[in-house]
Number of protein chains: 2
Amino acid sequence: MAVSIKDVAQRAGVSVATVSRVFGNGPVSPELRERVEKAIAATGYRPNLSARRLRSQHSQTIGLMVADIRSPFFTALSRVVEDEAYRSGLRVILCNTDESAEREAMYLRLMEEERVTGLIWSPTRGSLERLADEDPPFPVVLVDRGGPVGRHDSVVLDNQQATATLVRHLHTIGRGRIVGLFGNTSSTAVDRHLGYLTATAALGLSSEAFFVPPNAEAAEREIVKVFSRPDRPDGVIASSSAILLGVVKAMRRLGLRTPDDVAIAGFDNETWSELVGPGLTVIEQPVGDIGRMAMTLLFDRLRAPKAPARKVMLSGRLIVRGSTAPVTGLVDEPVD
Amino acid sequence: MAVSIKDVAQRAGVSVATVSRVFGNGPVSPELRERVEKAIAATGYRPNLSARRLRSQHSQTIGLMVADIRSPFFTALSRVVEDEAYRSGLRVILCNTDESAEREAMYLRLMEEERVTGLIWSPTRGSLERLADEDPPFPVVLVDRGGPVGRHDSVVLDNQQATATLVRHLHTIGRGRIVGLFGNTSSTAVDRHLGYLTATAALGLSSEAFFVPPNAEAAEREIVKVFSRPDRPDGVIASSSAILLGVVKAMRRLGLRTPDDVAIAGFDNETWSELVGPGLTVIEQPVGDIGRMAMTLLFDRLRAPKAPARKVMLSGRLIVRGSTAPVTGLVDEPVD
DNA sequence: GAAACCACTGAAAAGGATTACATGAGGCTT
DNA sequence: AAGCCTCATGTAATCCTTTTCAGTGGTTTC
């Protein structure tokens, strides 16, 4: 049996309440405090967090639920969230849903059993809709995937704006037939699609959008199919880094040169983005800010449960690289 | 106040013990079981995991402690470990140490307070040595960084063998001045360095090794320095994917062509490895197997606490790509 | 027909902390 | 000197389960 607070109390010649107060910064005389601390050191006592949580009715735990931690955006997000959480004395329970509504439901139940104080969640489209009907018994902050309105706090990239920026950039370097390739599971892709449609329409460009499973292989297949048709597009916008990688692979396979034959651009700046092909033009997400803002929203919510929901939109940053370099001699507009 | 087992019992007209048995698959008559299940559904009861853990003295939780979840190897590892854990009804506590011994110690204390049933840990070199002196009060499985002997179970790549394979491969394509670039924090790098020394010696090659902080920037700086000297090496081996990226960046900056001027190779196969430059030659680690084996070792250990420690070594797979293609006209040995 | 056994069930203890409440000792005010 | 705070401390209740133990009623065994 491990050493409990009783053993420490006995050894220090005080009551268990006093030992507890030493941990909780309650009022304890310097003399007793020292005796207790000595006893703790001597016994190697470690407070039992389960007991503490049970009694104090405070789990000191939050949930983080994403599609797949291996997706670079979520990797970075989780790192930020964990850092912030530990700094505030909170534990994090990480869940990978693989975009499955069933697993989301299962993990939601788990969160309830853990009595989490809050959840940071990037839900699938289905769950996002269902979330409008019934609330979990803890505050939820949506992240990355915000949905239309908001009974819940959310923090997302300004996806429409960001995608429009990409479209306008491709137009600037003289591309007129720009196709969009979007993931078929997230609401993010819906917003990005909308931005794509709006921007192409505003510029008087044709538009053609494809929705694929959000992985490189599916994207590659789709692009190979699209570019095997007689009149090829001259630009591609990809709605995630995985999809963008698939596009690059497809270009290699088809023997098309970037940016000469096709200019390509997408989302998420990774360590390798500048080293793939001629360098990839991307929208960089402020993932650090997104994660910290999510935590801030959660803390605010805990303080004011009834306050109206807030939706925070952050803007991305366009990083221009070789994959959208202007083709010399073909373009005479100035590049901004 | 949330609904407790008492409320369910009351509503179903049974004792709390019976409700508990419904969850624990104890002996309950079909009739009562149904009444209890109805009451659970009606009340929306969720068992309180803190209370359960306190009473049953079983945390159903394991720890996973790595340097940085953003490092691709650890990202993949964490995904495997989480999957395996949830499949067995275990929670995972993830900790990022940033290679700091101080944070390792802090998180070890946290693990004790959580009463984890075990820890999967990729320790810094310092902690690895200290681990020889005193044991945490739970089983530890070392992963990726195994250390020399073993009071603890461990599962690692055969790093010496893998690095030797890289050296021999570079030699096969006609490279004779191969430098090695290794991280300066992990024991992994030590093993890889040893493999590098052994293999170059066996082939009668000169050797020159550098130890750098395990990030792309530091690696880039070091390589730029080394390659600015009069007689350039013609091959580089990097001991991690981050370092390898730094090498690629350095080559760009120096205007050196790969593989013509310098052949480069390293560790860890990522989604983007084939798309960076001419494609990167790497040793692929069986990260899925490593993670699953770590869990297996942990479960075995829980069953047999006194059994002798096991050290499992898995072998990597060489993936040859453009960064080590033979230079035409310069080499006449056959490529294997 | 008594004994042994079985399958269920409930009452109550236990697990390890926090915390409401009671107590007692000093120090102040009046 | 009585009354009243304040501060430090201890006692005991409480958080919500699981689990032990002791039935209960019914069936099988000898």
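In what follows, chains carry the letters A, B, and so on, assigned in the order in which the sequence lines appear, proteins first and then strands, with residues in each chain numbered from 1. What you are looking at is a predicted structure, and each value in this text was computed from that prediction instead of being measured.
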Nearest-Å distance for atom pair NZ/P, residues B/Lys6 and C/dG10: 15 Å
Short side-chain N/O contact from A/Ser56 to OP1 or OP2 of D/dC15, under 4.0 Å: no
Touch class at under 4.0 angstrom, heavy-atom based, for B/Arg33 against every strand present: nothing
Selected nucleotide, minimal atom distance to A/Leu32 side chain, candidates C/dT9, D/dT17, D/dT9: D/dT9
Phosphate contact (C/dA14 OP1 or OP2) by B/Gln57 side-chain N/O below 4.0 Å: no
Closest listed nucleotide, where the reference is the side chain of B/Val14 and the choices are D/dA8, C/dT18, C/dG10: C/dG10
Rounded distance (nearest 0.5 Å) linking atom CG of B/Asp153 with atom CG of B/Asp300: 8.0 Å
Touch class at under 4.0 angstrom, heavy-atom based, for B/Phe23 against every strand present: nothing
Under 3.5 Å side-chain donor-acceptor pair for B/Ser127 and B/Glu104: yes
Contact nearer the 5' end of DNA chain C, comparing B/Ser15 with A/Pro47: B/Ser15
Neighbour count >12 (heavy atoms, 6.0 Å) for atom CD, A/Glu113: yes
Of the listed nucleotides C/dA17, D/dA8, C/dA20, the one nearest the side chain of A/Arg21: C/dA20
Atom pair distance, as rounded to whole Å: CZ in B/Arg55 and C1' in C/dA13: 8 Å
DNA chain C: 5'-proximal contact among B/Ala51 and B/Gly13 (nearest heavy atom): B/Gly13
Sugar-phosphate only, base, or nothing, as touched by A/Arg53 at under 4.0 Å among non-hydrogen atoms: nothing
Nearest to side-chain heavy atoms of B/Ala17, which nucleotide of D/dT18, C/dA11, D/dT11: C/dA11
Short side-chain N/O contact from B/Ser20 to OP1 or OP2 of D/dT18, under 4.0 Å: yes
Closest nucleotide among C/dA17, D/dT18, C/dT18 to the A/Ser4 side chain: C/dA17
C/dT9 OP1/OP2 closer than 4.0 Å to side-chain N/O of B/Ser29: yes
Interatomic distance where CG belongs to A/Leu49 and C1' belongs to C/dG15 [whole Å]: 15 Å
B/Ser187 versus B/Arg145, side-chain donor and acceptor atoms under 3.5 Å: no
Separation of atom CD1 in A/Ile5 from atom C1' in D/dT11, rounded to whole Å: 14 Å
Under 3.5 Å donor-acceptor, A/Thr124 side chain and A/Ala101 backbone: no
Spacing between B/Gln60 atom CD and D/dT18 atom P, to the nearest angstrom: 11 Å
Presence of B/Thr18 side-chain N/O under 4.0 Å of C/dG10 phosphate oxygens OP1/OP2: yes
Separation of C/dA7 P from B/Asn25 CG (nearest whole Å): 16 Å
Atom-to-atom span, NE2 of B/His58 to P of D/dT17 - whole angstrom: 19 Å
Step-by-step salt bridge (charged side-chain N to carboxylate O under 4.0 Å, His left out) determination, B/Arg79 to B/Asp83: CA-CA 6 Å; B/Arg79 182 60 214 262; B/Asp83 283 356; 3.1 Å; yes
Of the listed nucleotides C/dT19, C/dC8, C/dG15, the one nearest the side chain of B/Leu54: C/dG15
B/Arg35 CZ to C/dT9 C1', straight-line distance once rounded to whole Å: 11 Å
